[in-house]
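Throughout, a chain's letter reflects where its sequence line sits, starting with A, and its residues are numbered from 1. Side-chain atoms are counted along with the backbone in the values below, which use heavy atoms only and exclude waters and symmetry mates.
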Number of protein chains: 2
Amino acid sequence: MIDINIMKIMEIDTLLFAKVIADDTRQEIMKCLCCVWLSVNDVVEKLEGKVNQPTVSHHLKKLEEARLVFVREEGRQRFYTLNEEYLTVCCGALISKFAPSYSAQVVPLDSIPTSDA
Amino acid sequence: MIDINIMKIMEIDTLLFAKVIADDTRQEIMKCLCCVWLSVNDVVEKLEGKVNQPTVSHHLKKLEEARLVFVREEGRQRFYTLNEEYLTVCCGALISKFAPSYSAQVVPLDSIPTSDA
DNA sequence: TTGACATATTGATTGACATCAATATAATGA
DNA sequence: TCATTATATTGATGTCAATCAATATGTCAA
């Protein structure tokens, strides 16, 4: 059980995770999507003209590919929300990879999501 | 006491942190510097021709600016090691910012380093 | 002081990617 | 069916950053 989870956290692509969160606009979008479901246009409006719709779609796609958001389709709209749990697991993977001394006290081994999205 | 630490974790620039770790070569260097002190040339050799010395110096500078490595000068050599604690704190800052629901169980509030490097 | 070594800096090149305008696709209502 | 709305895709452009060769800076030994 624990072994499986340790294996899973090892498989996490810390480079992909880092690259996806290493963008200002993307971090702003993540902040918007924390704890709430928003449509693409909701996000565009929340960013108040900083970027326009295709750019937001582009970033949401990146976040989706990195499993950092959940998507729910509803008619012609797509609602997104942040996958806080997976984000936490990725941070745990970073610590487990680069700060093994702090791994034990930090990584929540029993909250790792399964692969079937 | 806890308040001060919470304040500190809030001040952490999660965008800078993400950008610095969002590079393959830099992650390899970080892996090399985990738990050991290495000189610049030691790192160059460990990377076995992947990049050359100026590139390694460049990356080490970035890591130093982001407080992710400690430096010790010794004669004409400079030894580096990964700052595992600060890396852990940065991960905690990410979680506290983007996954507040998981913040409590993950962030090690009492292991935040002081500003005087 | 001079030569060898260790690291940092500079300038040029290149590739990756964020952004936008324009357009395509898809769903809904009249 | 047609117009409208919501989102995605495409192609072009510009910017940033990784990399390297060459060189500078700083340290040690003889």
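Following rounding to the nearest Å, A:E73 (CD) and C:dT25 (C1') show an atom-to-atom distance of 13 Å. Atom-to-atom, CD of A:E74 to P of C:dA27 comes out at 14 Å; the value is rounded to the nearest Å. Atoms NZ (A:K19) and P (C:dG15) sit 15 Å apart, rounded to a whole Å. Atom-to-atom, CZ of B:R76 to P of C:dC5 comes out at 8 Å; the value is rounded to the nearest Å. The separation between B:Q77 atom CD and D:dT25 atom C1' is 16 Å, rounded to whole Å. One atom, OH of B:Y80, and another, P of C:dA6, lie 15 Å apart when rounded to the nearest Å. Taking atom CG on A:L60 and atom P on D:dT9, their separation rounds to 12 Å, with Å as the unit. What separates NZ of B:K62 from P of D:dT19 is a distance of 11 Å, to the nearest Å.
Distances shown here put every side-chain N or O of A:H58 at or beyond 4.0 Å from the OP1 or OP2 atom of D:dT10. Applying the 4.0 Å criterion to OP1 and OP2 of C:dA8, one finds that B:R78 has a side-chain N or O inside that range. Checking the phosphate oxygens (OP1, OP2) of C:dA6, no side-chain nitrogen or oxygen of B:S39 falls inside 4.0 Å. A sub-4.0 Å separation between OP1 or OP2 of D:dA21 and a side-chain N or O of B:N52 is present. Phosphate proximity of C:dT19 to A:H59: present, with a side-chain N or O under 4.0 Å from OP1 or OP2. A close approach under 4.0 Å does not occur between any side-chain nitrogen or oxygen of B:T55 and OP1 or OP2 of D:dA18. OP1 or OP2 of C:dT9 lies within a sub-4.0 Å distance of a side-chain N or O belonging to B:K61. Here B:S57 does not reach the OP1 or OP2 of C:dT7: none of its side-chain N or O atoms lies under 4.0 Å away. Contact check, B:R26 against D:dA18: a side-chain N or O comes under 4.0 Å of OP1 or OP2.
Side-chain N/O atoms of A:E84 and A:T88 include no donor and acceptor closer than 3.5 Å.
B:T81 places a side-chain N or O within 3.5 Å of a backbone atom of B:L33 that can act as its donor or acceptor partner. A donor-acceptor contact shorter than 3.5 Å links the side chain of A:R26 to the backbone of A:V20.
The side chain of B:Q53 approaches C:dA8 more closely than any other nucleotide in the set C:dA8, D:dT7, D:dT19. The side chain of B:N41 lies closest to C:dT7, out of D:dT19, C:dT7, C:dA8.
Pair check for D:dA30 finds C:dT1; Watson-Crick or G-U wobble, both atom distances under 3.5 Å.
Contact record, B:T25 with B:V51: CG2-CG2, 4.1 Å, taken as the closest heavy-atom pair.
Residue-environment remark: NZ (B:K61) stays at or below the threshold of 12 foreign heavy atoms within 6.0 Å.
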